[in-house]
Protein chains: 2
Amino acid sequence: MAKGTKIPTPTIERLALYSRPLEALLKDSPSLISSEKLAELCGVNPAQVRKDLAYFGEFGVRGVGYDVKELLQQIKKILATDREWKLCIVGMTNLGYALLENENFKRRGYTFVAAFDSRSQNLGKKPSSGLTVQPFSRIKELVGMLGIEIGVITTSPFEAQRAADLLVDAGIGAIMNFSPAQVRVKGSRVVENVDFTVKLENLAYHLGKIP
Amino acid sequence: MAKGTKIPTPTIERLALYSRPLEALLKDSPSLISSEKLAELCGVNPAQVRKDLAYFGEFGVRGVGYDVKELLQQIKKILATDREWKLCIVGMTNLGYALLENENFKRRGYTFVAAFDSRSQNLGKKPSSGLTVQPFSRIKELVGMLGIEIGVITTSPFEAQRAADLLVDAGIGAIMNFSPAQVRVKGSRVVENVDFTVKLENLAYHLGKIP
DNA sequence: GCCTGTGAATCCATTCACAGCT
DNA sequence: AGCTGTGAATGGATTCACAGGC
C-alpha cells in the first residue's frame, strides 16, 4: 500500500474496535485469527477488516490468518496507544468525575493529571488521588508544565467554548468535547465532539416511527 | 420529496445538531435563519442543511429563510423529541450515576425511571430522588410495568452483553451501550454503541502522527 | 435580489471477486 | 486448500449549480 495515502476516519475507529476482542483473545492459543472471525466478533465485513489493515502494511499470512499478539501490537502502534497519554478534565460535573475515575480510560493508558472548574465552591477539592481541582486561570500554566496533550471538556454547554479557547491558548494538542454545544477551534487542532444526546435522539427517531 | 425514502443516519444526527443553536436563537428576533447561517453555526455545508430538511418537507420560504420557532418544532416532531421518553440505567458505575443526574438529558425529556445493578452492595441505594437501585432479576418486571422504552448500559464490558440480553428479553425498544464491548441483539431492535475510548483513540492516532 | 429546493456531479466508503502466496 | 491483499464495481453521502418562488 502506497505511503502517504489519506486514511479514512472510519478505518481508524474500526482499528480501535478490532483491538477489543483481540485483547480478550490474547490468552487463547493457537493465537491465530482470520479476517472472517475477527469481522464477525466486531460486526463488520471481512473484506473491510483486510482493507483497513492493508492501509498500514501486510500483517497477515496468506492461507493462514493473523497472529493475534502481533496484530494487536501493530494496531496499538498505529493508534499510538502503546504509550501513556496525559489528559486534563475541564468541568467537574458528575460526568467529569465519572471520566476521571473511569477504568476503561486507565486501562488504555489515558491518565488524567489535572482537573479544572470555574465554580469557586468546587476548587481545592480532591476528586481523585493526587488531583486537586484548579481554577480556569491556571489552565495555561498547568497544561504547559505537566505536558498535557488532550483536554476533555465536561462543562455545561454555555462554558464549553470558553474552555476550548483556554485549552487552545495553552497549546493543547487535541480536545474531546462532551458538552452538547459544538466547539470550534482555529488551526489544525484535532477536536472530537461527542454529544451523546445526539445518539439518544437517533434512538428516539427510530422508536418514534414504529408504534 | 417522495415519502418512504430511506433517510440516511447522518441526516438524523445532524437534525439533532441543528436543534441546539436553534434553541438558543428562540429568544432572538427577527426569528428567521438562513441555511447558510445555520450551517455555519453547526460547522456543516449549507446545501447539506437544505437537503437534510427537504427529506421531511418544505419548511423554508424561498428568498427568505426558515422561521426559527417553526423549524425547531418540526425537527422535534421528526425526531420524536416533542414528548417524554422513559429510560432505565443498567450498571450503577460512576458513569451510570452521571447520566442519571445529567441535566442535558432531563432538559430534552429523557427521564430515568429505574436503575439496576448486579452487585449486591449497591442494591437499595437511592442515587436519585425517588429511584432505588434494583437487582438485574427485576429488569423484566419493571421494564414492563413502568413502560421503559430505552435501556442505557453502563456496566463493565464483561456484563454488557448480559445486560443487553435481559433488556431485550424484557421487551425494551432500544439500547444505548456505553461500555467498550460491542453488544449484539437479535431482531430489528435499535442499538447505539457509544464507546468513547474509540474516540480517544482517534485523537491519539492524529496526535501520534504530528510530533 | 435573495434564499430555498433539488437534479446532476463528485467524492468517499464498502463490498465483491479473484489473483497471489504458503 | 485456505486465507490474505487488492483492483474493480457498487452503493451512499456530500457538494455543486441552478431553476423556482418570494
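Here is how names work: the chains are called A, B, and so on, in the same order as the sequence lines, proteins then strands, and each is numbered from 1.
Neither OP1 nor OP2 of C:dA13 sits under 4.0 Å from any side-chain N or O of A:Tyr55. For A:Ser35, a side-chain nitrogen or oxygen approaches OP1 or OP2 of D:dT4 to under 4.0 Å. Within the structure, a side-chain polar atom (N or O) of B:Tyr66 is placed less than 4.0 Å from OP1 or OP2 of C:dG5. Between C:dA13 and A:Arg14, no contact under 4.0 Å exists linking OP1 or OP2 to a side-chain N or O.
Within the 4.5 Å cutoff, no side-chain heavy atoms of B:Tyr205 are placed close to those of A:Leu15. No side-chain heavy atom of A:Gln182 sits under 4.5 Å from any side-chain heavy atom of B:Cys42. Taking 4.5 Å as the limit, some side-chain heavy atom of A:Leu99 sits within range of a side-chain heavy atom of A:Phe178. For the pair A:Asp195/B:Arg20, a side-chain contact is recorded, criterion being any heavy-atom separation below 4.5 Å from C-beta on.
Protein atom CG of B:Leu15 is 14 Å distant from nucleotide atom P of D:dA13, rounded to whole Å. Residue B:Glu40 contributes atom CD, which lies 14 Å from atom P of C:dC3 at whole-angstrom precision. Residue A:Phe56 contributes atom CZ, which lies 16 Å from atom C1' of D:dT6 at whole-angstrom precision. A:Asp52 has its CG atom 13 Å from the C1' atom of D:dT6, to the nearest Å. When the C1' atom of C:dT22 is taken as reference, atom CG of A:Leu32 falls 13 Å away, rounded to whole Å. Atoms CD (B:Glu36) and C1' (C:dG1) sit 14 Å apart, rounded to a whole Å. Between the NZ atom of A:Lys37 and the P atom of D:dG2 there is a distance of 17 Å, given to the nearest Å. Rounded to a whole Å, the NZ atom of A:Lys6 is 9 Å from the P atom of C:dC12.
Where A:Thr9 and A:Ala47 meet DNA chain C, the nucleotide closest to each residue was compared, and A:Thr9 sits on the side nearer the 5' end. Checking B:Val64 against A:Val44, the closest nucleotide of DNA chain C that is more toward the 5' end is the one next to B:Val64.
Within 3.5 Å, a donor on the side chain of B:Lys51 pairs with an acceptor on the base of D:dT15, or the reverse. In terms of polar N and O atoms assigned as donor or acceptor, the side chain of B:Arg50 comes within less than 3.5 Å of the base of C:dG5 in a complementary pairing.
Taking every side-chain heavy atom of A:Arg62 into account, D:dC3 is the closest of D:dC3, D:dT15, C:dT15. Listed nucleotides C:dT4, D:dC16, D:dT4 differ in distance to B:Ser34; the shortest reach to its side chain belongs to C:dT4. Distance from the side chain of B:Asn45 is smallest for D:dT15 among the nucleotides C:dT14, D:dT15, D:dT14.
Aromatic ring orientation, A:Phe196 versus B:Phe105: perpendicular (interplanar angle above 60°, classes split at 30° and 60°).
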